[in-house]
Structure formats: structure tokens, C-alpha cells
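Here the structure comes first, spelled out in C-alpha cells, and everything after it is commentary.
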There are 2 protein chains.
Amino acid sequence: MPIRVTVDIVIFTIQSGDLQVLLVRRGIEPYKGRWAIPGGFVLEQESLEQAALRELREETGVTDVYLEQLYSFGDPKRDPRGRTVTVAWFALVDAERALQAGTDAAEARWWSVQHRPPLAFDHASILDYALERLRNKLEYTTVGFQLLPDKFTLGDLQKVYEAILGRALDKRNFRRKIGLLGILKPLDELRSEGGRPARLHRFSARKFEKLKDKGILFPF
Amino acid sequence: MPIRVTVDIVIFTIQSGDLQVLLVRRGIEPYKGRWAIPGGFVLEQESLEQAALRELREETGVTDVYLEQLYSFGDPKRDPRGRTVTVAWFALVDAERALQAGTDAAEARWWSVQHRPPLAFDHASILDYALERLRNKLEYTTVGFQLLPDKFTLGDLQKVYEAILGRALDKRNFRRKIGLLGILKPLDELRSEGGRPARLHRFSARKFEKLKDKGILFPF
DNA sequence: ACAAAAGTGTTCGATATACACCCATGT
DNA sequence: ACATGGGTGTATATCGAACACTTTTGT
């Protein structure tokens, strides 16, 4: 009996200030009816990353997202049907793209990471690990920007950080630190949402690459 | 043709202030005669970590070392004999244990990471990645202590940091920061080595666990 | 006595944190 | 006019970086 290799993808998004994860309901045994992290077998001719991207596209229809390898899980008993090793990934999609994902398949939906259902297999461990990685990465990289659409307000950005870190941040300190990085381009465009209109910004990946090369990272 | 799953282990040590990696010379094709990272197939009934520990023991005779999963590599062309996915790990062994490792098998020896030979397969990428991870981890964890024997001097410890980071550190700043952590127990024992004798210290893992729980990490 | 490594404090700049009020719009 | 979210500066504490001399041993 050979070992079968799969990929599983923990897909996060932010919906109205709440960190959510995409889960699919299993239609077959084992764990029939339980919710699970989307994934599937690695095909003969594709790399692990290609497999993850393919599953992501098949399950959610989304493409062109942030994707990072997380960890590989291979406990001999993790799948009762037989020996599997899964290479887990985590992906970040912005709120706009997230909408199409949840509606595509009837048996896929977004769950708040706070109020998630019991999961199949060892998927609870995988999700916990992904969450931990996301929190850590938030502090020294710009992954947070991946959860926002092209144009966003500084309030939007702060909400992303607060949702992931699970605590409130000071508005003035937050803006100063973001400003210091100089990786946001303020646009000549405002968005009104129940109060004073907020300026929209765009993430400038080009400026960020320069910072990375110099070893300057995120100071949260 | 199923995918075959292997583990490869990048084993680091420090010998007289130089960061070294254990490599084995391949006796068969492909890449016969080339140096490679030690590794082998994952067996039917063992977890990935057990497989890594087993290979580590078989190749080096060492046990009870620091071992951490690194990344999984699965390019379809990475092994010309057929499709493989390897789960790469990195291990740290102290100088005393390292001695027995290099001598066990005639075709295994330590190489300075600076002057390493060309490697088989995609092992150069794996080694580079391990080195990057080690450097990063050094800055916010206590992995550095894993490269030292039970008793060591502060000079020994500083040399470990300098060898891995590849730059000189200020002795006073280094000692202050280590001292602030309060995870070293000074012993009533000195070691003389060509100058004023140095006090030996021991790493107190118990104290460190408390720090970790509070989220206090290494400030290098 | 001298060579060789151990040991020890202070100053300064940068960064993180705490904290409160006015502004522009919609209703 | 009032409710709602947007926008702005200063003071303090903490942390990291730079920097030089004395001490203890072996030869």
C-alpha cells in the first residue's frame, strides 16, 4: 500500500471585521456530514503548489491569491481509509473575491474562526496551526494587505489587523507605523460610510519589495 | 505510479566557531558520487517525525536532538527515477555528539556551510532554506542553545550566534540580553582555555518555558 | 612581563505605547 | 443638531547600538 499525498488549503478571509475560514461539508464516509478543510489528491504531473492552486480554483473559483505552504501532516492514523500525507497550505482572499467563493458550491461556506463547527480528520489541528502562523506573519510581513481589495481605507486595514490579532489597536499609533513604511499610495478618491468619508489607499508592492531587500519588516 | 514520500534532514552543528552540515556521499545513480542531505523513505507505520528521527539515528547514531519540520518539496522532476515528495527537516546537534556522527559511516562527513560541495537533486535549495530558517529562528527562540553541550561558557554561546548570523556581536550587549532572559544557570565551575578561565553555564529549560508562556522571546 | 580570553556600565538614538480632541458627512 | 466614523500630535518608557578598560590565568 503506497502512501497517498494530498493538499489541504486553509482559506481565510475577512467579512465585516470577522476572520472567516472556508469549509466544505463532506458528502461521503468517513466523517460524512462533517465540515472539512478543502483539499484533494496531488496529481501525477503537478507540483505541490500547482495542486494547491488547482484545488483552490476548483473549490472556490478564486485565483491569483496569496498562498503559502504551512506544514505537512502524516500521522499513520489520520485517515481511517489508509495512509495519507497531506501538505497543508494557507491562502488569503479579499472580501470581494470571497463572496463568489462561498456561493459556488452549495456545500461550501464561510465560518467565523471563533464559531467553527467540529472538523473532520485532523483538520482542527491544521486550522489552529494556520491561525497561529497567520498571527505571527501579520507582525512582520504585509500579509494583512492580501485580505483587502485593491482599494481600501485605513480603517479597513486596521480592522483586518484587529480581527486577526483579536485585540483593539490604537488608531494613531497604527497609522503612524503604516505611514512610516511608506508602502501605501493615497488615492484621490473617498468612500462614504455613515460618517466622514475616508480616503482610499492602494498597496504599493513595488515599494514594499525595496523594504524587504533592506531587511526592513513590519513593526507590529 | 504512486508518489513516494521521503524525509530529508539537514543536520547542523558548530565545530570551533564554524557552522557545519552533515552530508552523505551517494553510492548509486542518479548523482552517484555526489554529496546529498541524509534521508530516506517514510515507512508504512511511522509518522513523518518518527521517520525523520529514524533516519537521523541510522545515519548519524545521534538521538535526542532538536528536530523541526522545515518544508515539503515536490517538484515532479526533482528525482529522475520517479515522482517523490520529500518532507524536509532540520536538526541541531551539539559539538560533542557531532563527533560520533561524522565518523560512523565512511561516506558521511561534516562540511562547512561556507565551503560545501555541489549537492544532488534539489538539495542545495533545501539546505539554503534550512539556513534561512535557522538564522530567523535564532533571533526569536533559543535554538542556539541546542548547538552547545550541557555546560558551556558565554563565549561559546556568542560564537554560536556569530557563526550562524555571520557577523560579530558586541560582547557586552550580548551578555546583557542573555542575562535579562534569566534562562542560564551559572555553575561553580570554570574552564581555562588560553587566558582567564571562563565560568560555565547551563541552559535552564524550565525557566525558558515560563518565558514562552508569557510570550517573551529572544531579542536578537 | 606579556599574551590571551573573561568580565563589566553608560550614553544616545530609535521605537513602542498611552492618551483626547476636532473634522466632514448623512440624517 | 446630532450621530458616525475619519483624521491628527505629544510625552514617556523601553529597547537596541555603540563604545574601552580592568581582571585573571598560563607561559
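Residue numbers begin at 1 in each chain, while the letters A, B, ... track the order of the sequences.
- Atom P of nucleotide C/dG7 and atom CD1 of B/I178 are separated by 13 Å, given to the nearest angstrom.
- Rounded to a whole Å, the CD atom of B/E139 is 13 Å from the C1' atom of D/dG16.
- A/N136 and A/R133 are not linked by any side-chain donor-acceptor pair at a separation below 3.5 angstrom, with hydrogens and angles left out of the test.
- Of the candidate nucleotides C/dG9, C/dA5, D/dT8, C/dA5 has the atom nearest to the side chain of B/R196.
- Whole-Å rounding puts the B/E193 CD to C/dG7 C1' distance at 16 Å.
- Along DNA chain C, the nucleotide nearest to B/G194 and the one nearest to A/P197 differ in position, and the one closer to the 5' end is contacted by B/G194.
- OP1 or OP2 of D/dA17 lies within a sub-4.0 Å distance of a side-chain N or O belonging to B/K177.
- The residue among B/S192 and B/L180 whose nearest nucleotide of DNA chain D lies closer to the 5′ end is B/L180.
- Rounded to an integer number of Å, the gap from A/R175 CZ to D/dG5 P is 14 Å.
- B/S72 and A/S72 are linked by a side-chain donor-acceptor pair at a separation below 3.5 angstrom, with hydrogens and angles left out of the test.
- Between the NZ atom of B/K171 and the P atom of C/dT8 there is a distance of 10 Å, rounded to whole Å.
- Following rounding to the nearest Å, B/K159 (NZ) and C/dA4 (C1') show an atom-to-atom distance of 12 Å.
- B/K151 has no carboxylate O lying under 4.0 Å from a charged side-chain N of B/D156, or vice versa, which leaves the two without a salt bridge.
- Under the 4.0 Å criterion applied to side-chain N and carboxylate O atoms, B/R54 and B/E46 are assigned as salt-bridge partners.
- B/D156 places its CG atom 11 Å from the P atom of C/dG7, with the value rounded to the nearest Å.
- Residue whose closest nucleotide on DNA chain C sits further toward the 5' end, between A/L190 and A/R176: A/R176.
- Aromatic ring orientation, A/F145 versus A/F203: parallel (interplanar angle below 30°, classes split at 30° and 60°).
- In terms of phosphate contacts, A/R172 brings no side-chain nitrogen or oxygen within less than 4.0 Å of OP1 or OP2 of D/dG7.
- Regarding A/F174, its CZ atom lies at a distance of 17 Å from the C1' atom of C/dT15, rounded to whole Å.
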